Protein chains: 2
Amino acid sequence: MATRTRRSQRRTQALSRERIVEAAVELLDTAGESGLTFRALTERLATGPGAIYWHVANKEELLGAATDAVVAAAVAIGPSAATATTSPAAPATPPAEEAGAAGSAQDGVRLVALGLFDAIVRHPWLATQLATQLSRNPWGTVTPRIFESIGRRVSALDVPESSWFTVTSALVHYILGAAGQNAVNKAGARTLAPGVDRAEFLDTVSTAWEELDPDEYPFTRAVAEQIRGHDDREQFLAGVDLVLAGVTATHHR
Amino acid sequence: MATRTRRSQRRTQALSRERIVEAAVELLDTAGESGLTFRALTERLATGPGAIYWHVANKEELLGAATDAVVAAAVAIGPSAATATTSPAAPATPPAEEAGAAGSAQDGVRLVALGLFDAIVRHPWLATQLATQLSRNPWGTVTPRIFESIGRRVSALDVPESSWFTVTSALVHYILGAAGQNAVNKAGARTLAPGVDRAEFLDTVSTAWEELDPDEYPFTRAVAEQIRGHDDREQFLAGVDLVLAGVTATHHR
DNA sequence: ACCTGAACACCGTTCAAGT
DNA sequence: ACCTGAACACCGTTCAAGT
């Protein structure tokens, strides 16, 4: 078999934290979560483990940095603007969408939400990593980044300032929960042909759900059919709109 | 130091998948995600690794079973009914809440949501594990369990059947996202005195957020103060109500 | 059928030594 | 200041052997 990528030529660029994080993201995308090892990293960067440890404290920090880089790009850009290379450094301010009427702040929320959704689709490991990062390291950079980009749009909605935190939290939580679950791609595939593997997969789940015990799972069985033809992004956006509708109904009415 | 729990007496019960899962949950609760190793399990159960592998295919399956056991108990019971011992096997049908008027289906949703929330607080490893389980194994038992218990209440709301899937998904996604992020307990503490460690922690986050760059993070800084005194459960429920309000506003109105 | 425990391949991390 | 690479402790998993 011997699938050797003969990338172990002499190193041309100097090692740097940025280059290490970049390589980590590539490895995660290519080989999945279990593919990111210091040995693989070491080979790809043509160096030794000690060198990596000089730039990065440990694996947890490396995963955090990889997550942060991808998230930064996602919230800055909006939905899949096809950035081929992931650049760890992102512009400070997101490009302004349509100059802001109060109503199109809702579109802003949708835009950021889709940006995160697409990022998770492109980088399936993000789903798990986001959960890890947000729950055991909320003082890090990842949470504020997401919070800020959603929150700005929320503050442009007409919602009393005292509710900003609650509303933003609800949106962020929905987005992360939904994006996470929908990012079910077979590991390794860079871009999945949208019609083929995916439809097959949904079919499998739908069938499995239809075969559940009728006494224990009446609802899930009843609804299994609806999963078959559905479009993930559409579904995801419908959920965002549901929350936005709740915001409108609850505040300023 | 030699902190030996001298639990390695001769085994009294026979080994079984159930007992292994139970021990795994205890280990996860006590020592965190990194504390669950086959060696620790082996010592606690007074056996060898081979014996465990006879009952369980691998670590991934073990984690899945542990997650499933805890989730099953959570959705069956509702908010923290203080089950001291986690019983992997759960009753088939959840105990009926107040006999169902259409309006109290909303209370049903709140009840299940709080049940999951509390479960994650009691078992912080659930947050990460749920994300893993749901995203790379949706044909497992965990997803249908959660889906069913929320979905039943949704179908008792007056929402057209064609929207059941969308609405249930949105609720489940919010619940998992929110519960996940809020489950920030210091690892190891079984029950945390609610007023002490937690307030200190929120204080730290709030302060950190106030010190962010004013140009990049105006919103997060503005809202940092609101995090200080807030009650997680209250916040969580407010989000559930926001989604429910959205459902009411969008459907059958 | 169920369990034992030594052994294997692999992993994250350290550190004395080099430039 | 930055990098090398051997070495260490530990982990999930296997398997021939026992009962």
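All values derive from a computational prediction rather than experimental measurement. In the text below, chain A, chain B and the rest are named by the order of the sequence lines, each starting its count at 1.
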Exercise for the section: Determine whether A:Asp118 and A:Arg122 make a side-chain contact, defined as any pair of heavy atoms from C-beta on separated by less than 4.5 Å. Expected result: yes
Practice task
Before giving the answer on salt bridge (charged side-chain N to carboxylate O under 4.0 Å, His left out), spell out for A:Arg221 and A:Glu211 the whole-Å C-alpha distance, their side-chain angles and the decisive distance to 0.1 Å.
Solution key: CA-CA 7 Å; A:Arg221 281 168 53 98; A:Glu211 281 161 0; over 6 Å; no
Practice task
Verify the contact: side-chain N or O of A:His55 to OP1 or OP2 of D:dC3, cut-off strictly under 4.0 Å; return yes or no.
Solution key: yes
Exercise for the section: Could you tell me how the ring of A:Phe147 sits relative to the ring of A:Phe165: parallel (under 30°), tilted (30 to 60°) or perpendicular (over 60°)? Expected result: tilted
Rounding to a whole Å, what distance do you find between [X]:[atom1] and [N]:[atom2]?
X: B:Leu45; N: C:dC2; atom1: CG; atom2: P; answer: 16 Å
X: A:Ile52; N: D:dG5; atom1: CD1; atom2: C1'; answer: 12 Å
X: B:Trp54; N: D:dA16; atom1: CH2; atom2: P; answer: 18 Å

Exercise for the section: Can you tell me, in whole Å, how much space there is between the P of C:dA17 and that of D:dC2? Expected result: 22 Å
Practice task
Using atom types as modelled and distance alone, determine if a side-chain donor or acceptor of A:Gln129 lies under 3.5 Å from a backbone N or O of A:Thr67.
Solution key: no
Practice task
Kindly say whether A:Leu36 contributes a backbone atom to a donor-acceptor pair with the side chain of A:Lys59 at under 3.5 angstrom?
Solution key: yes
Completion exercise
Reading nucleotides 6-15 of chain C from 5' to 3' and marking B where a protein heavy atom lies under 4.0 Å of the base, S where only the sugar-phosphate is that close, and - otherwise, the string is B----BBBBB
Handout entry: Nearest non-hydrogen partners of A:Arg17 and A:Ala65, listed with the distance
Key = NH2-CB, 3.7 Å
Fill in the blank from the handout: For DNA chain D, consecutive-pair runs of 3 or more (Watson-Crick or G-U wobble, both H-bond-type distances under 3.5 Å) give C:4-8 with D:12-16, C:12-16 with D:4-8
Completion exercise
Rounding to 0.5 Å, atoms CD1 (A:Ile20) and CG (A:Leu62) come to a distance of 7.5 Å
